Amino acid sequence: QVQLVESGGGLVQAGGSLRLSCAASGRTLSSYTMGWFRQAPVKEREFVAAISRSGSITYYADSVKGRFTISRDNAKNTVYLQMNSLKPEDTAVYYCAATLSSVRASLHEYNYWGQGTQVTVSS
């Protein structure tokens, strides 16, 4: 079992930046591929980014490529999502999740989820 807690969300103007953190407890984070997902109102939850166990492989949704960066610090049992050049369409609740599958795992392959953190980008 692993418990995940996100933080770092908030309100930011378009073009601004935020860094989300996901702290894990329970089993060591290095056992898992980690992902970030988001869900906007009346929309389905969608993939944002994923990072391999070692951090050597990353994978991004086209909509955030070049603007968002996923990273991890296994010693601190924490995963990060640096979000730059934010747009109003990035507004959503952001979730981190853990899977034993690869970085290209689908949403349904993620076994553990955090409670989410709200990101709101104003125009």
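All figures in this text were calculated on a predicted structure; none of them were measured in a lab.
Between Ile70 and Trp36 there is a side-chain heavy-atom pair separated by less than 4.5 Å. Annotation: side chain of Gln3 is in contact with side chain of Gln1 (closest heavy-atom distance under 4.5 Å).
Thr78 approaches Ala23 most closely through the heavy-atom pair OG1-CA, 4.2 Å. Considering all non-hydrogen atoms of both residues, Ala92 and Ala40 come closest at CB-N, 3.8 Å.
Comment: Lys87 does not engage Asp90 in a salt bridge, judged by the lack of any side-chain N to carboxylate O separation of less than 4.0 angstrom.
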key: Test side chain to side chain contact (heavy atoms under 4.5 Å, CB included) applied to Leu18 and Leu86, step by step   = CA-CA 8 Å; Leu18 282 174; Leu86 282 162; 4.2 Å; yes

Worked verdict on Cys96 versus Val79 for side chain to side chain contact (heavy atoms under 4.5 Å, CB included) = CA-CA 8 Å; Cys96 71; Val79 177; 5.8 Å; no

request  = Test side chain to side chain contact (heavy atoms under 4.5 Å, CB included) on Leu11 and Val119 and set out the steps.
outcome  = CA-CA 6 Å; Leu11 174 64; Val119 171; over 6 Å; no

key: side chain to side chain contact (heavy atoms under 4.5 Å, CB included) evaluation trace for Gln118 with Thr91   = CA-CA 8 Å; Gln118 176 71 46; Thr91 295; 4.0 Å; yes

Arg104 vs Tyr59, side chain to side chain donor-acceptor pair (under 3.5 Å): CA-CA, chis, key distance, verdict = CA-CA 7 Å; Arg104 292 182 177 266; Tyr59 181 52; 3.1 Å; yes

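Cluster annotation: Met34 and Phe47 are assigned to distinct hydrophobic clusters (Ile/Leu/Val/Met/Phe/Trp/Tyr, side-chain heavy-atom contacts under 4.5 Å, transitive). In this structure, Val103 is a member of the same hydrophobic cluster as Trp113, with clusters built from ILVMFWY side-chain heavy atoms closer than 4.5 Å. The same ILVMFWY cluster, assembled from side-chain heavy atoms under 4.5 Å apart, contains both Leu100 and Val2. Residues Leu107 and Tyr60 do not share a hydrophobic cluster, clusters being chains of Ile/Leu/Val/Met/Phe/Trp/Tyr side chains in contact below 4.5 Å. Val121 and Val93 fall into different hydrophobic clusters, where Ile, Leu, Val, Met, Phe, Trp and Tyr side chains are chained together by heavy-atom contacts under 4.5 Å.
Applying the ring pair (Phe, Tyr, Trp, His ring centres under 6.0 Å) definition to pairs two or more places apart or across chains, none involves residues 65-102.
Residues Ser122 and Gln13 bring no donor and acceptor atom of their side chains to less than 3.5 Å of each other. Between Asn84 and Ser17, the side chains place a donor N or O and an acceptor N or O closer than 3.5 Å (distance only, hydrogens not considered).
With hydrogens and angles disregarded, a donor-acceptor distance shorter than 3.5 Å links the side chain of Asp73 to the backbone of Lys76. With hydrogens and angles disregarded, no donor-acceptor distance shorter than 3.5 Å links the side chain of Glu109 to the backbone of Ser101.
Of the inter-residue distances, the one linking Arg53 atom CZ with Ser31 atom OG reads 8.0 Å to the nearest 0.5 angstrom. Atom-to-atom distance recorded for Ser21:OG and Leu81:CG is 9.5 Å, nearest 0.5 angstrom. The OG1 atom of Thr117 sits 7.0 Å away from atom CD of Gln115, with the distance rounded to the nearest 0.5 Å. Rounded to the nearest 0.5 angstrom, Met83 CE and Arg38 CZ are separated by 9.0 Å. The structure places OG of Ser52 at 7.0 Å from CZ of Arg72, a figure rounded to the nearest 0.5 Å. To the nearest 0.5 Å, atom CD1 of residue Ile51 and atom OG1 of residue Thr69 are 10.0 Å apart.
Proximity of the aromatic rings of Phe37 and Tyr110 is defined here by a centroid distance below 6.0 angstrom, and this criterion is met.
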